[in-house]
2 protein chains.
Amino acid sequence: MSRPAAPARRRPRRPRDGRVRPGIKDVAARAGVSPATVSRVLGGTYPVAQATRAKVQRAMRELDYVVNAQARALKGATSKTVAFIVSDVTGPFFAHVADGVEQQATAEGRLCLVCTTHDEPERELAVIDLMREQRADAVILVGGGQEDHAYRERMVRLARALDDAGSRLVLCGRPPLGDDVPATVVDYDNEGGAFAMTSHLLALGHRRIAFMGAQENLTTPTARVRGFRRAHHERGLEPDPELVIEGEFTRSFGYAGARDLLRRRPDVTAIFSATDVVATGVLQAVRDAGLRCPDDVSVTGYDDIPFAADFAPALTTVSIPHSELGRAAVRLALHRDSYSTGQYVKLGTHLAVRDSAGPLPH
Amino acid sequence: MSRPAAPARRRPRRPRDGRVRPGIKDVAARAGVSPATVSRVLGGTYPVAQATRAKVQRAMRELDYVVNAQARALKGATSKTVAFIVSDVTGPFFAHVADGVEQQATAEGRLCLVCTTHDEPERELAVIDLMREQRADAVILVGGGQEDHAYRERMVRLARALDDAGSRLVLCGRPPLGDDVPATVVDYDNEGGAFAMTSHLLALGHRRIAFMGAQENLTTPTARVRGFRRAHHERGLEPDPELVIEGEFTRSFGYAGARDLLRRRPDVTAIFSATDVVATGVLQAVRDAGLRCPDDVSVTGYDDIPFAADFAPALTTVSIPHSELGRAAVRLALHRDSYSTGQYVKLGTHLAVRDSAGPLPH
DNA sequence: ATGAAAGCGCTAACAG
DNA sequence: CTGTTAGCGCTTTCAT
């Protein structure tokens, strides 16, 4: 020690193998200016003499320079990214919400990270931690959640953790957590859509309508069942509890559920499937039972997935503003007032009336 | 200068507003160790005394510490991300390839960035530059490209630029650029699938088969047309040039194209649509013409998109190993030999025989 | 208008 | 096994 700061042998700079990324210093050297000046022309947001700027830009072009996003992010508060967390990328729901998210993120100069959880709570936690590490501006969780109290508490904790890390949690397609929780919620009217669809079937004369795909612990199907019931009640009708059938949002449940139902309750004239995917199974079961849709039994869905109009017959369903959901999620997360906590937006849904539901037979 | 390094007033550390992200130093202070030690327990890959490790871990938990991914990436050579670039997230092709990419990326400890180009060449360039900035490990370009020479040259340049930046370009679903180009290509057998499908139709007795959706300047439809032709030739048949119909991969082209065709050439007995999306339009046109499928005219597709089996009738099509394509893309990009340049893998396709193609009428 | 210098939060030699 | 010390590539005062 004590030797006054031996200027330390600088290793030959850039130890990497092949060609190497030029840095801001290389550009500076080539342009005959200081690194600070290069940084200023990069940022654009600072006065730099026309001539200097030109020199720097030429040097950048000649060196094929690109900034290092990590180094830049290290200084700033965020990494200019938006994270998109979903159970499964192949869900028919996903693509169009992703489209909205990506559109808006790009419009706001953000990159888009995608992660999946496959509905594993552990993985969900892990992914959210990853996003904290990345310091994403917004973390958008897509799809319905559980009704469960413990789950809700966990979400609240995650929202706070993200908030502390400077990120914003956005819940997309599920109900709010509460006003004191720093999260943005972009929901759509599950109950209203189900109400409208059920009213439509009721207006067509149907009275024995089955709801296929209830799930008590999940927010989405629960809200849809609520709308289903309310539509009955508003007409002074009481839905038959036996016709509200529990099951997952899968084609195979739709198939098995409808097959059994049609056997057990041949008096049913309409089947309101909780989702379009369920409806595909239901339609298959109807065909296999030798019944015609909509002549013998009406079938409807929910979601209006791509190609719903190409089913046999074209599916009458509830249309969700998928991509607007995604766009709103990003927009709200990025432009909230600095000190707002809870934010809540609910978008509307509308009926897509096609061929799979018709008037009551006879 | 000459003043011997005035030790400079340290600002009160952490100027941010609300709560603040604890850093490695905070953890170190709390655990009573040095930052380096904290880093070592973080990395896991270095001997640390059991007791020390425990102390550090407790401190991390108490502070709810997460590493700063940007700071970490600044040191390392890459950012542990894989970029996924696609024309449009809502394309039916996208979801399952994305699924494969995401799966494999996660398995390899990488995060997944998604960007869209909407087929705008400018945007494609911009996006690739963004990925250079991000220092993504792999940049996966999904979907067919143009046959165009200029376009190809541009790709070569991009491949080199990415290579210099330490990233790997992967072309997914398009032909190779050449052996000397540092890129990985994961393709599938477009021609073989079209050959198999055409042979299937020929074997069913069809002789007037239309190909709906040729496009000369794009690699994908061109390869499919090639398979279509070859299947004819191998049976000593010459495909009627008038029946190879130019058009985009859209439903509306499928509809208009088939409508006109059925009017102009009522002798056609089978329509091979270049994609399933085109097939949806074709099916609609067939229905609207008062014809039945497959009784009057057979219709087939290509891609085997989700729900192809739910069309009316269930669509006979060519199945592409979408998610394996995505998985292979990531796997190869990450595990290539350090000095390999061109890499090329071609996956197989297979027929999904369903109901929309039947034997020749009469 | 430009340059010098101090870090952002972390990792990685190099010494103990 | 643990602490010290340099930076990674960039932005940002503070001087000039």
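Just so we're clear, the structure is a prediction, and the values are computed from it rather than from any experiment. Naming: A, B, ... by sequence-line order, numbering from 1 per chain. These values consider heavy atoms only, across backbone and side chains, with no hydrogens, waters or symmetry-generated copies.
A/Arg135 places no side-chain N or O within donor-acceptor distance of the main-chain N or O of B/Asn68, the cut-off being under 3.5 Å. Between the A/Asp164 side chain and the A/Ala161 main chain, no donor and acceptor come within less than 3.5 Å of each other.
Atom pair B/Leu74:CG and D/dC10:C1' shows a separation of 8 Å (rounding to whole Å applied). In this structure, A/Ile24 places its CD1 atom 11 Å from P of D/dT12, rounding to the nearest Å. Atom NZ of A/Lys25 and atom P of D/dC10 are 9 Å apart (whole Å). Rounded to an integer number of Å, the gap from B/Met60 CE to C/dG9 P is 17 Å. If you measure from atom CG of A/Leu42 to atom P of D/dC10, you get 8 Å, rounded to the nearest angstrom. In this structure, B/Tyr46 atom OH and D/dC1 atom P are separated by 10 Å, rounded to whole Å. One can place CD of A/Gln70 at 13 Å from C1' of C/dG9, the figure rounded to the nearest angstrom. Across the protein-nucleic acid pair, B/Lys75 atom NZ and C/dC8 atom P stand 15 Å apart, rounded to whole Å.
The residue B/Thr37 sits close only to the backbone: its heavy atoms come under 4.0 Å of sugar-phosphate atoms, none of a base. In this structure, A/Val33 reaches the sugar-phosphate backbone alone: every heavy-atom distance under 4.0 Å involves primed, P, OP1 or OP2 atoms, never a base.
Of the candidates C/dC8, C/dA12, C/dT11, C/dA12 carries the atom nearest the B/Ala36 side chain, counting heavy atoms from C-beta on. Comparing C/dG3, C/dC10, C/dA1 against the side chain of B/Val67 picks out C/dC10 as the nearest. Which of D/dG9, C/dC8, D/dT2 sits closest to the side chain of B/Val48 comes down to D/dT2. Nearest nucleotide to the side chain of A/Thr52, out of C/dA1, D/dT2, D/dT12: C/dA1. Listed nucleotides C/dG3, C/dG9, D/dC10 differ in distance to A/Asn68; the shortest reach to its side chain belongs to D/dC10. With D/dC8, D/dT2, C/dG3 as the candidates, the nucleotide lying closest to the side chain of A/Arg40 is C/dG3. Of all nucleotides listed (C/dG9, C/dT11, C/dG3), C/dT11 comes nearest to the side chain of B/Arg72.
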### Query
For B/Arg168 and B/Thr184, what are the C-alpha separation, side-chain angles and deciding distance, and is it a side-chain hydrogen bond (donor to acceptor under 3.5 Å, both in side chains)?
CA-CA 7 Å; B/Arg168 182 72 175 180; B/Thr184 297; 2.8 Å; yes
#### Entry: side-chain hydrogen bond (donor to acceptor under 3.5 Å, both in side chains) assessment of B/Thr116 paired with A/Glu102
CA-CA 8 Å; B/Thr116 63; A/Glu102 204 274 343; 2.8 Å; yes
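In summary, B/Arg160 and A/Asp64 do not engage in a salt bridge, as defined by a charged side-chain N under 4.0 Å from a carboxylate O.
Of the residues near DNA chain C, B/Pro35 and A/Gly32, the one whose nearest nucleotide (by heavy atom distance) lies more toward the 5' end is A/Gly32.
Residue side chain B/Arg135 does not reach the base of D/dG9 through any donor-acceptor N/O pair under 3.5 Å, judged by distance alone.
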